[in-house]
Trainee: 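Sharing a structure below in structure tokens format, with a few things to ask.
We number each residue from 1, following the sequence as shown. As the structure is a prediction and not an experimental result, all values here were calculated from the model.
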Amino acid sequence: MLKHKDGVCPLCGKEIEYDGYYIFDDDGATLKWECPSCGATGKAGFNWVFDQHYCIQDKDGNDVE
């Protein structure tokens, strides 16, 4: 059974190396990886979720905390 953990090869459990750039889509991004230990390759998927609002200003440009 595959175990999915960021930065870890799902086949052998060793650290993976990310290769290239994020490929963005509507819900997040994917990033290619390769495992230097066992030679496996794949893509890691990342989903973007709402965190909070930042740098809020009112209609007059005043910062709101």
Side-chain angles (χ1 to χ4, degrees):
M1 177 172 225
L2 297 176
K3 293 185 179 183
H4 299 280
K5 185 174 179 184
D6 187 21
V8 178
C9 178
L11 298 183
C12 73
K14 303 290 184 176
E15 186 175 341
I16 59 175
E17 294 178 354
Y18 291 108
D19 179 34
Y21 301 92
Y22 286 102
I23 300 169
F24 295 97
D25 61 28
D26 291 339
D27 297 323
T30 56
L31 186 60
K32 292 180 181 179
W33 58 264
E34 181 175 351
C35 179
S37 181
C38 73
T41 61
K43 293 181 181 179
F46 299 89
N47 291 318
W48 309 133
V49 296
F50 178 77
D51 179 34
Q52 69 182 44
H53 295 283
Y54 297 92
C55 304
I56 303 166
Q57 295 182 331
D58 65 17
K59 64 179 177 122
D60 297 321
N62 301 307
D63 291 338
V64 178
E65 294 188 37

Trainee: Who are the ring-ring contact (aromatic ring centres under 6.0 Å, His included) partners of H4, not counting sequence neighbours?
Mentor: none
Trainee: Identify all side-chain donor-acceptor contacts of residues 22-43 below 3.5 Å with residues at least two apart in sequence or on another chain.
Mentor:
residue: D25; atom: OD1; partner: D27; partner atom: N; Å: 3.0
residue: D25; atom: OD1; partner: G28; partner atom: N; Å: 2.9

Trainee: Please name all residues satisfying side-chain hydrogen bond (donor to acceptor under 3.5 Å, both in side chains) with D6, sequence neighbours left out, ordered by chain then number.
Mentor: Y18
Trainee: Under 6.0 Å from the CD atom of E65, do we count more than 12 heavy atoms belonging to anything else shown?
Mentor: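 No, CD of E65 has 12 or fewer neighbouring heavy atoms, counting only those of other groups under 6.0 Å.
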Trainee: Checking D58 side chain against D60 main chain: does a donor-acceptor pair fall under 3.5 Å?
Mentor: yes
